Every structure is written in C-alpha cells, then in structure tokens.
Amino acid sequence: MKLKGNNYLEMAALVVFLLVFQYGIAQGHPRLIMTQKGVQEIKSQLGKVPLFDNSVAEVKKEVDAEMALGIDVPLPKDFSGGYTHERHKKNWLIMQKAGALYQILGDKKYATYVKEMLLAYTKLYPTLPLHLQERSYARGKLFWQALNDANWLVYVSQAYDCVYDFIGAKDRALIEKDLFKPFADFISIGSPQYFNRVHNHSTWGNVAVGMIALVMDDAELLERAMYGLKEDSVPAGMKDNDGGLIKKPGQKTGFLANVDEPFSPDGYYNEGPYYQRYAMYPFMVFAEALQNTKPKLKIFEYKNGILIKSVYALLNLTNSAGEFFPLNDGQKGMSYYSRELVSAVDIAYLYGGKDPSLLSIAEKQGRVQLDNSGMAVALGVKNNLTKPFVKKSIDLSDGSDGKQGGVAIIRNRNKDKELTLVMKYAAQGSSHGHFDKLSFSYYNNSSEVLQDYGLARFVNIEQKGGGNYLKENTTWAKQTIAHNTIVQNETSHFGADFETGSQFSSKKYSYDVSNPKVQIISATEDNAYPGTKMHRTMVVLETDDFENPLLLDIFQVNSKTANQYDLPFYYLGQMMSANFKYETPKILEPLGKSFGYQHLWKEAVGKSSSENTKFSWLYEGSFYTLTSATSPDDELLLVRLGANDPNFNLRRDAGFIIRKKNTQKSIFVNVIETHGSYSPVTENAVNAFSAVANVEVVYEDENYVAVSIKNNKGKVSLFILSTMNNSATQNHNIEIKGKTYSWVGTHYYTLIK
C-alpha cells in the first residue's frame, strides 16, 4: 500500500483500519449486553414470562426509589463501607439498571436520569486527584482503589450504551472527552501496576476499558483491553501490596491472558471460588458483549469453551445451600444467589447450549439479568424445561495446563442428607492463596463439620479496617495452622513465603469415585518443608455397619530429620466428651509466638491414654466423633482462637490438635463419624455416642498401609492403600495377620469380620 501525505497519519489510519477489520466494530446502540434486535424480542414477551416480568418489577421498584432521592455524586473520601464509597457504588448499579429499564420499558425518565448522572460525573471527574486514602497499591479517583473505579466503568458502560442515542451528539462528545476517555486511560496506562497483571483486579480493569471501547468504537482502547499495555509502558520490577508480580518480561496480559492463565481446563480459577465468583461478572458480560459485537471471535469457544466450563465448576464448588467453599481468601456465606452468579448462569445458559439443569439454579435465584440471556432463562422456566442441577463428586484440576494439583469434592448423598468432603491439593492461588497444602473441610448438608476459616475481613463494613483485609488475614487466616493440615515445627508451609509457595503445587496420587460407597482422593506434597514428604489419603466410606458414611483420613509424613508435627481439626459447636484426661491451665497462654500460633489460646493439654483417642461434639442437631489411632506419646491440645487479637477481629473458633514430637516418620489415622441427632424442641438425644469401637493401623511398610475399623457390634472392615504405585491396572498381593489380600488398582476395601 502506497502512503500519501503525512506518513505518520496514514500509518495510524491503516492501523485503525486493520483493528476495525480484525474486531469488526459494530454499529448501532445498544450493542453490548442488550442489542437492538434483542430489545424488540424482549418487548414482544413482556407480560407473558413471569420470572422476567418479576425481575423487571423488582428492578423498577429499586430504581424508582433511588431516582426519587435525586442525584448525588459526592467528593470521594471513604474506604469501603463509608458513605462516599457506597454512594458511588450505588450510582453505578442504579445507572446500569436504569439504562436497561429505558430500553425495555421505553420510559424516557430512566434515560434522563442516566444522562444527568453522567453529566454530573463529567463535571466532577476532571477535578479529582488520586483518592485521599493511600492504602492501595493502585489508588483510584472515585474509590480508594482502582479496582472499584473499574467496577464503576464496567457497569456504567452498559448504561451509556443503553442511552447512547438519547443523549445526543453534543453531550456524548463532552462525556467521552472529559469522563470516559480519561477514565479508561487512568485505569490502564495511568495504573500499569494494576492493569497489566494476571489477577481478578486486572480482569475488571481490562473489561472496563474493553466495554467502554465497544460503546465508543475505540479500536485502540479495545486493543489495550484485549492484550494489555505494551512492554515499555510498565515500570520494571513493580509489585503490588499483596506480594504479586505485576509484570514479568514477556508475560502476556490483558483480557485474553486473564482467561488463559488463571483457569484450569476444568474451569477452576486459581484464586479460589470466592474470587472466581467476583471475577465471573466481568468475564461473562464482556464475553457476551464480544459475542454480540464481534461474533467472529467466537469468544465462548475460546480455550475449549473455558468460560462456560468455569460456571459449572463454580456451581460445583458449593455446599447444599449454594454457598461457596471458602478456599483461600473467601468470605463465608457468599453463594450462587449473588448478582454475579445470576448473570453468569443466564449467560452460560444462552451461549452454552441451553442446558436445562441451569434453569433449576435460576429458579432458586429467583431473578434474571435484564437482557436476552435473562429472557431465554425465563422462557425456559415458563416452558417447564427445567431439570435438576445434580452436584456429584468431581476433581477439578488447577493451573492453566491442569497440572498444578487441584481440588477434589467427594459427595455422598442419601435422600435429603449429603456429606461433602473438600480436599485442596492445589497451587498457591496467586496473592489470595493460603499456605495449606493437603487441607480439607467437611460438610453435613450446609453445616460445617470441620471448617476452613476463610478470610479475615469484614467486607464493606467500615468499622473493621475500612472494610478491607485485616492484618489478621496474614497473621492467622493464611497460615497453615489455621487449616486442617499438618504443620511442621510450628512453621507454615514454605515459611509462609508467597514467592516460594508459588513455585510448587501438590500432586494428585489417586482419585476414584467409581464406587459410590468407597470414594477416594489421595495426594502428595514434597516441597512445603525441605526434606519432608507428605501423603494424605481421604476416603468417604458408606457401609451398613454405621448409621452414616465415615470419613477415613490417613496422613503419612516422612522427613530426613526429626520434627514436631501438629494436625489440627477445627470444629464448630459444643464439645461433648473426650476419652483422655486433660489439664486446663490457670492462666491462658498463646500456643506459640508466630505463624498463627500466637492467635491460639492453649485451653487444655492431655496425653493419649489408649490406642484410640476419641473426641466428640454437637453442632446444629448432629453429633460428631473423631476417633484417632494414637500413640502413648501423642500430645492432645484443646485450643481456641482469639489470643493476641486486641480488636477482636477473629472468631472464637475451637480446635483439637494431635501433636507428635521428635519423630521423622509418622502416620496420623483418623475417622470422622456423623451420628445421631438432638432436638431442642423434644429434648431427645438419639445415638449420641460413637459406634466406632476401634481404629487400627494393621499394616504399614514402604509400599502399603492398611487400616481396620471396628464397630460396637464387632464388625470389622479393612482399607488398604498402595502408597508407591498408583497404577489403576497394577496387581497387588500382601499378607496381613496371616491372611492374603489381592486386588487391582491403588486401593482395596472389604469387610473382614
């Protein structure tokens, strides 16, 4: 092509042309989440589809109430939970909803409200310095962190798209010049330490820039959103205050990199389900916008359809009440009823093949997104297409290649009772990861039998650290002792060093749920402590010999040196009994000085007095007993959280710790039994005592370990694990107490008496 005139301008024009050709910039508004054709289809169904109509009515009620209060765009000054923070947050939500109502109902009052709000922000934004609060590694202008500024732009882009034609060319030019373009520049080239990452933060930033780019037909911004900033626009060696690298030489960034790297092929997101939930909104709405504006990109087919897969993975990472398992940093109680999952389920339904099982989730959510995906879901429900979403046992790999460990979920369901094991053998989990290799939690329906603490933060509650992460998140929640896994010498895995922990992941040894009565997950960890190898095997056993399935936990540890090993179990509810003697100190002292031990009160200390140690508790109407195969030298500790916590930021949770001292090679074998019931109404306690009579390690060498479980009626079952050969086709033969056992595969379970 021969350039004429100013070569620089001609080349720039050529680049723009190529970008427009590549991405196929669409014409007409709305075009992102709503489309002109889609709006007409929605209008044709209004009044006929109850779920959608009810959703419109709820949104209308909310928006009308806010509009009656008038427009308020205060000078930013607060942390999360403070008035100015919450006001600007409410503004972005209401604008997005008002824009949708304008398109659906045709009432100009909603468009007028959005226009006036945007003009108010257009007047305010050029006057804003960086936010007054200096805690964030990337301060925003409207908010204390650039992340929230990006939240604002993701939602407001949708509002602008819906009222684009209503506003008029003159006001649009002003709004784009003084608000949207400077805004997009600020959270990208103005905040490279925020924008150019692979992290949920940067996903929001990338999508914010991409969404407004699509509205404004700005090919340069779209390129920036999709592929990140150029190398020379990022200062060398920048880090965030979470300890994560911002940019490495040659590292890919931008939206596509944030799809490529954090998700495993199974759809698991390395930061954990809480932040996967948070990031699903920008991932899915931008994908929907790209599908509507640039269908040739086939974004929902990218990386083998990973975005749709991720929705299914996230739904499976919930208990029976729909609450996400609090792996890594995660607030308990967050569930698929959140607005992010309403959008994700709707979009996955429309663009993922209209799976009728997703309709059952949407029915529980009770509302839909106000676009074509929401209408599609509502029509499916109306037409009785719904099928149950059945959560089964599943092993979700971690890492972009699926080779960085994973999370196994084993479920045993019988009518209305479901026992669920969650075992984490994943990678570090980016800056939101915890140092808890081979940890687990256990659920009886939605009740936590043995819990993961989650995060130490009161999200958006201003009184607690401005609603931000508390220092106890680092000193307690991330530390290994806060989780149900082994701690060596009172030191967290990897010394609680993020950079070291990020280099390693645990390895799956065996996962087999083909027999619903014997479901197993087994994994190893060789790097948490130098010279120490750990191997944990957990089995959910269903047998007629016990009221409910048992959880068998075999934790083997082998080191080159003698160490102290602590294995904690954090329970909720009230301790019932223990079969060992213990002493309670007259003066409470912390269990240790660092790595989380400083936060545990040492409430009682005992010694195992028999081959089995039993500890029982009551929680939410069910009894639980932990039976452990212990040695006479094992120390037994009763602990409670709350030491060195002057601001009372930590829950006063209780724990039971089994401690083995001065040993190189040890095995911890425990059986967790769910039994009986108690009603405070009838005041009847049923089957309040354990039915496990004995747990014994009957065989252990370099290649095998075998555990027997005996009930109160004398029936004995045997579980054998091949610890060195995990081939599913390997033949095994061993003799135990004069009897030979033969099988194929990693494990064997049988009734022997």
Side-chain angles (χ1 to χ4, degrees), residues 136-138 145-147 150-151 154 187-189 191-211 222-284 286-287 290 299 302-304 306-307 309-310 313-314 327-329 396-406 426-434 498-505:
S136 177
Y137 73 98
Q145 57 177 346
L147 170 63
N151 296 161
V154 169
I187 61 175
S188 55
I189 58 177
S191 308
Q193 75 277 27
Y194 160 74
F195 190 80
N196 241 39
R197 303 176 63 187
V198 175
H199 191 275
N200 78 78
H201 284 203
S202 53
T203 296
W204 276 97
N206 301 154
V207 169
V209 172
M211 293 285 275
L222 186 57
E223 178 82 1
R224 192 184 302 170
M226 298 294 284
Y227 298 107
L229 302 176
K230 295 179 180 179
E231 193 80 34
D232 57 7
S233 62
V234 182
M238 292 194 73
K239 292 187 177 182
D240 70 20
N241 62 346
D242 293 324
L245 285 174
I246 303 302
K247 175 79 175 178
K248 297 178 181 178
Q251 176 185 336
K252 294 181 179 179
T253 57
F255 178 73
L256 293 180
N258 274 281
V259 176
D260 283 329
E261 294 188 35
F263 288 108
S264 78
D266 295 324
Y268 179 76
Y269 187 73
N270 69 353
E271 295 180 37
Y274 179 77
Y275 278 97
Q276 182 169 354
R277 173 275 321 172
Y278 178 60
M280 284 316 296
Y281 186 79
F283 275 125
M284 295 302 283
F286 190 44
L290 289 172
I299 190 64
Y302 187 77
K303 197 180 175 181
N304 296 316
I306 193 60
L307 291 177
K309 286 182 182 179
S310 69
L314 199 46
L327 305 172
N328 294 332
D329 285 340
L396 297 168
S397 63
D398 192 9
S400 60
D401 58 359
K403 297 179 180 179
Q404 297 178 41
Q428 181 60 30
S430 190
S431 62
H432 287 295
H434 289 190
F498 172 77
E499 296 291 347
T500 304
S502 297
Q503 298 175 34
F504 305 103
S505 58

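Just so we're clear, the structure is a prediction, and the values are computed from it rather than from any experiment.
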Item to check | Full working for side chain to side chain contact (heavy atoms under 4.5 Å, CB included) between Asn200 and Tyr269 | outcome: CA-CA 10 Å; Asn200 78 78; Tyr269 187 73; 3.4 Å; yes
Item to check | Leu307 versus Phe263, closest heavy-atom pair with distance | outcome: CD2-CE1, 4.3 Å
Next on the checklist: Please determine whether side chain to side chain contact (heavy atoms under 4.5 Å, CB included) holds for the pair Leu147 and Tyr194, giving the CA-CA distance in whole Å, both sets of side-chain angles, and the decisive distance to 0.1 Å.
Outcome noted: CA-CA 8 Å; Leu147 170 63; Tyr194 160 74; 4.1 Å; yes
Next on the checklist: Please confirm whether the ring centroid of Phe255 lies under 6.0 Å from the ring centroid of Tyr302.
Outcome noted: no
Checklist entry - Is it true that the side chains of Asn270 and Ser430 contain a donor and an acceptor less than 3.5 Å apart? => result no
Checklist outcome for this item: Asp398 meets the salt bridge (charged side-chain N to carboxylate O under 4.0 Å, His left out) criterion, sequence neighbours left out, with none
Item to check | Pairing residues for Tyr275 by the ring-ring contact (aromatic ring centres under 6.0 Å, His included) criterion, not counting sequence neighbours | outcome: His432
Checklist outcome for this item: Output for pair (Ile299 CD1, Met284 CE), nearest 0.5 Å, gives 10.5 Å
Checklist entry - For the side chain of Asn258 and the backbone of His199, is there at least one donor-acceptor N/O pair under 3.5 Å apart? => result yes
Next on the checklist: One pair to check against side chain to side chain contact (heavy atoms under 4.5 Å, CB included): Asp260 and Lys303. What are the steps and the verdict?
Outcome noted: CA-CA 7 Å; Asp260 283 329; Lys303 197 180 175 181; 4.2 Å; yes
Checklist entry - Any donor-acceptor pair under 3.5 Å linking the side chain of Ser264 with the backbone of Ser397? => result yes
Checklist outcome for this item: Residues passing the side chain to side chain donor-acceptor pair (under 3.5 Å) test with Gln145, sequence neighbours excluded, are Asn148
Next on the checklist: Apply side chain to side chain contact (heavy atoms under 4.5 Å, CB included) to residues Asp266 and Lys309 and explain how you reach the verdict.
Outcome noted: CA-CA 7 Å; Asp266 295 324; Lys309 286 182 182 179; over 6 Å; no
Item to check | Set of side chain to side chain donor-acceptor pair (under 3.5 Å) partners for Ser310, sequence neighbours left out | outcome: none
Item to check | With sequence neighbours excluded, residues passing salt bridge (charged side-chain N to carboxylate O under 4.0 Å, His left out) with Arg277 | outcome: Glu340
Checklist entry - For Ser188, what residues pass the side chain to side chain donor-acceptor pair (under 3.5 Å) criterion, not counting sequence neighbours? => result Arg224
Next on the checklist: Any donor-acceptor pair under 3.5 Å linking the side-chain atoms of Asn151 with those of Tyr278?
Outcome noted: yes
